Amino acid sequence: MKNKVLENSLQQAIKVYSNADGASLYVADKIAQIIKRKQELGDFAILGLATGSTPKGVYKELVRLHQNEGLSFQNVVTFNLDEYYPMHPVEEQSYVTFMRQNLFNHLDIPAHQIHIPDGTLSLEGIQAYCDLYEQKIKDFGGLDMQLLGIGRSGHIGFNEPGSLKDSMTRLVNLNDITREDASDDFGGKDRVPTQAITMGIQTIMQAKQIFLLALSERKAAIIQQALRGEISAEVPATFLQQLEHVEYILDQKAASLL
Ligand code: GLP
C-alpha cells in the first residue's frame, strides 16, 4: 500500500490530453515559458532534450513559435540525453541528425550551445568524456528542464533496467526490447548498436523540472508500471515517483491503463 500523500502528489503530476497534439503543445508552451523567463533575467535557459518519435510534436511547435511568433533561442543551451555508440554524427540514425532535422536547423540557437554525447570516441576516452559532460551541465548551473520519453523497457534516456538511481553519464548496453524497437530505423535488429552513451538517472533527477511525455497505446503498459509500480531499478522510470518536480504528460491512449 502506497503512502497517501505520495499518491495524491502523483495524481496531481499526471496530465491527460485527448490527443497527442494537446500534450505536445502543453510541453512546448512550458519550455517557451522557461526560455522567456530566462531572457528577462538575461540568463541562459539550460534544456535537457530527448529523441524518438514522442517529442517530435513538441519540437514542431517550438519551431513554429520561433518562425511565426519570434521566440528566440539565442539564450538556449541544450544537452541531449543520449546517443548510440558507436555512431557517427552524419549517419541517418544518429541523434545528432535527428536533432538537426527536427529542431536545431530551424532555430537561431548558436551551434556551440548544443551538446549531444559523442558516439565517435575511443572506448578508453568515454568515461573522461562523460565526466566532462556532467561537469558542463553543472557549470551552467544545472538543467532548468529535462524532457523525457519512455522506452517500452521502462528506460529513460538509455537507462535500461538495472540502472541505479545514482547513475551518471556513462556507456551502457542496450536492452533487447530497445533494440527491437529501433530495428526499423536501422533496417534490422542486428544492425542496431548494442551500446549507447546516456545521461544517468541521477543526472536526469537533478533537473529542476522534468516533463515525461508518453503518447499512444504502445506506451500504456509501461506507463502503468512506471507510475503505479513499486520503485525499482527494474523499471528505471519509477525512480521519478520520488520527485515533486515531475509532470507526466499523456494522451488518453497512453493513460488508458492507469
Ligand atoms: C529511445 C530514446 C529514448 C526514447 C525512447 C522512446 O530509446 N533513447 O530517449 O524515450 O527511444 O522512443 P519513442 O519516443 O520513439 O517511442
Side-chain angles (χ1 to χ4, degrees), residues 19-21 23-24 27-28 47-61 78-87 89 91-99 101-103 115-119 130 133 143 145-163 167 169-186 189 191-201 203-205 207 210-227 235-240 246-251 253-255:
N19 58 39
D21 282 352
S24 300
V27 175
L47 308 182
L49 299 179
T51 52
S53 55
T54 307
K56 281 185 179 176
V58 175
Y59 295 155
K60 201 171 150 204
E61 173 63 6
T78 64
F79 287 90
N80 261 79
L81 278 169
D82 48 15
E83 176 61 285
Y84 290 107
Y85 181 82
M87 179 57 72
E91 282 182 51
E92 203 187 315
Q93 300 91 349
S94 82
Y95 285 169
V96 173
T97 300
F98 175 95
M99 291 307 299
Q101 288 177 348
N102 288 285
L103 190 65
H115 307 86
I116 302 180
D118 181 355
C130 291
Y133 203 75
L143 300 168
M145 180 290 308
Q146 177 64 58
L147 176 59
L148 296 175
I150 185 167
R152 286 192 308 132
S153 66
H155 72 215
I156 45 176
F158 268 136
N159 291 283
E160 297 284 28
S163 295
S167 55
T169 304
R170 69 204 187 287
L171 183 68
V172 294
N173 294 323
L174 295 181
N175 169 296
D176 216 50
I177 305 176
T178 300
R179 293 185 63 236
E180 183 72 52
D181 281 352
S183 63
D184 279 354
D185 293 340
F186 285 85
K189 185 175 161 193
R191 292 167 129 170
V192 180
T194 56
Q195 292 185 298
I197 296 174
T198 182
M199 282 186 197
I201 302 280
T203 328
I204 292 169
M205 288 177 73
I210 299 174
F211 299 109
L212 188 150
L213 182 62
L215 308 172
S216 90
E217 60 281 355
R218 281 182 63 244
K219 299 294 168 71
I222 195 63
I223 280 295
Q224 198 272 340
Q225 282 186 56
L227 275 67
V235 181
T238 57
F239 287 124
L240 302 176
V246 183
E247 286 182 47
Y248 303 91
I249 300 99
L250 314 173
D251 66 4
K253 291 174 180 168

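Computed over heavy atoms, backbone and side chain alike; hydrogens, waters and symmetry mates excluded. Read the numbers this way: they start at 1 and go in the same order the structure lists the ligands and their atoms. Note that the coordinates shown come from a computational prediction; the quantities given were computed from them, not determined experimentally.
- Each of the atoms 1 (C), 7 (O), 8 (N) of ligand 1 lies under 4.0 Å from some heavy atom of Phe158.
- Atoms of ligand 1 lying under 4.0 Å from at least one heavy atom of Gly149, given by number and element, are 10 (O).
- The distance criterion of under 3.5 Å between nitrogen or oxygen atoms is met by Thr54 with respect to ligand 1.
- Atom 6 (C) of ligand 1 has Ile150 O, 3.6 Å as its closest protein atom, hydrogens excluded (heavy atom only).
- The nearest protein atom to atom 4 (C) of ligand 1, hydrogens excluded, is given as Thr51 O, 4.0 Å; this is a heavy-atom distance.
- Within the 4.0 Å heavy-atom criterion, both parts of Ser53, backbone and side chain, lie near ligand 1.
- A side chain to side chain contact (heavy atoms under 4.5 Å, CB included) with Leu81 is found for one member of Leu148, Thr51, Leu147 and no other, namely Leu148.
- No donor-acceptor distance shorter than 3.5 angstrom exists from the side chain of Gln146 to the backbone of Ile204, with no hydrogens or angles considered.
- Taking CG of Asp251 as the start and NZ of Lys219 as the end, the distance is 10.0 Å to the nearest 0.5 Å.
- Rounded to the nearest 0.5 angstrom, Arg152 CZ and Glu180 CD are separated by 7.5 Å.
- Residues Phe158 and Tyr85 keep their aromatic ring centres 6.0 Å or farther apart.
- The backbone N or O of Glu91 lies less than 3.5 Å from a partner atom in the side chain of Thr97, making a donor-acceptor pair.
- Nearest protein neighbour of atom 8 (N) of ligand 1, counting heavy atoms only, is Asp82 OD2, 2.8 Å.
- When heavy-atom distances to ligand 1 are checked against a 4.0 Å cut-off, Tyr95 comes that close only through its side chain, counted from C-beta outward.
- Polar contact check, His155 against ligand 1: a nitrogen or oxygen pair lies under 3.5 Å apart.
- Between Gly157 and ligand 1 there is a heavy-atom distance shorter than 4.0 Å.
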(message) One pair to check against side-chain hydrogen bond (donor to acceptor under 3.5 Å, both in side chains): Arg170 and Asn159. What are the steps and the verdict?
(response) CA-CA 10 Å; Arg170 69 204 187 287; Asn159 291 283; 2.9 Å; yes
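- For atom 16 (O) of ligand 1, the closest non-hydrogen atom of the protein is Lys219 NZ, 2.6 Å.
- Interface atoms of ligand 1 facing Gly52, defined by a heavy-atom separation under 4.0 Å, are 14 (O), 15 (O).
- A distance of 10.5 Å separates CZ of Arg179 from CD of Glu160, quoted to the nearest 0.5 Å.
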